[in-house]
Amino acid sequence: MTDAKSEWISKRAYTIWEEAGRPHGHDADHWAQAALEREEFERVALVSEATPASRKKPLIEISTKAEGKKSEAAKPKKKADAAAEKPAAAKAVAKAKSTKASANSKLI
């Protein structure tokens, strides 16, 4: 057993012991469980390395239609476009505020 593998099993067995409430006399059980977890980890890693990347399916497939629209959506809007989109009610409120502010400044 390599030093790295032994150290990993030791740390994992210690973690299992702590999670179990630090019981006395179960160190061999915790070590065996940690060793099994390490073997499973190595087995899964070998299987994933053996699978060619070209055979793996992507998690999300993006259509070519969506890719073309993505560049359009990312462009920032011009100020003229933003002003045109402002609702009429918001324009009226802004105009009333500016008129009120100018009237107050004339009184001073």
Side-chain angles (χ1 to χ4, degrees):
M1 185 179 316
T2 64
D3 289 338
K5 184 175 179 179
S6 178
E7 183 179 351
W8 188 94
I9 292 172
S10 175
K11 287 181 179 181
R12 181 62 186 138
Y14 183 82
T15 303
I16 294 168
W17 173 70
E18 283 185 324
E19 289 173 353
R22 299 180 177 185
H24 181 70
H26 296 281
D27 53 328
D29 297 334
H30 299 148
W31 186 272
Q33 182 180 347
L36 286 173
E37 288 178 13
R38 177 63 187 219
E39 288 173 13
E40 178 69 14
F41 174 74
E42 289 175 348
R43 187 186 63 77
V44 170
L46 288 174
V47 169
S48 65
E49 286 177 3
T51 305
S54 61
R55 288 183 38 202
K56 292 182 179 178
K57 280 183 72 175
L59 295 176
I60 299 174
E61 292 184 20
I62 300 174
S63 69
T64 55
K65 293 178 185 178
E67 288 177 359
K69 292 182 181 179
K70 185 171 37 173
S71 62
E72 294 173 11
K75 293 180 184 176
K77 294 182 179 180
K78 296 180 182 178
K79 288 186 179 183
D81 293 341
E85 293 178 4
K86 197 179 256 189
K91 288 180 183 178
V93 170
K95 187 175 181 181
K97 285 183 179 180
S98 65
T99 307
K100 190 175 184 180
S102 64
N104 287 340
S105 64
K106 289 179 184 178
L107 293 175
I108 298 176

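Throughout, numbering of the chain's residues begins at 1 and tracks the sequence.
- Annotation: the span from His30 atom NE2 to Glu18 atom CD amounts to 11.0 Å, rounded to 0.5 Å.
- In this structure, Gln33 CD and His26 NE2 are separated by 12.5 Å, a value rounded to the nearest 0.5 Å.
- Judged by distance alone, the side chain of Thr15 and the main-chain N or O of Lys11 form a donor-acceptor pair under 3.5 Å.
- Taking 4.5 Å as the limit, every side-chain heavy atom of Arg12 sits out of range of all side-chain heavy atoms of Arg38.
- Note that CG of Asp27 and CD1 of Ile16 are 12.0 Å apart. Values are rounded to the nearest 0.5 Å.
- Of all non-hydrogen atoms in Ala13 and Ala34, the two that sit nearest each other are N-CB, 3.6 Å.
- Taking OH of Tyr14 as the start and CD of Glu19 as the end, the distance is 12.0 Å to the nearest 0.5 Å.
- Under a hydrophobic clustering in which Ile, Leu, Val, Met, Phe, Trp and Tyr are joined whenever their side-chain heavy atoms come within less than 4.5 Å, directly or via other members, Trp8 and Trp31 fall into the same cluster.
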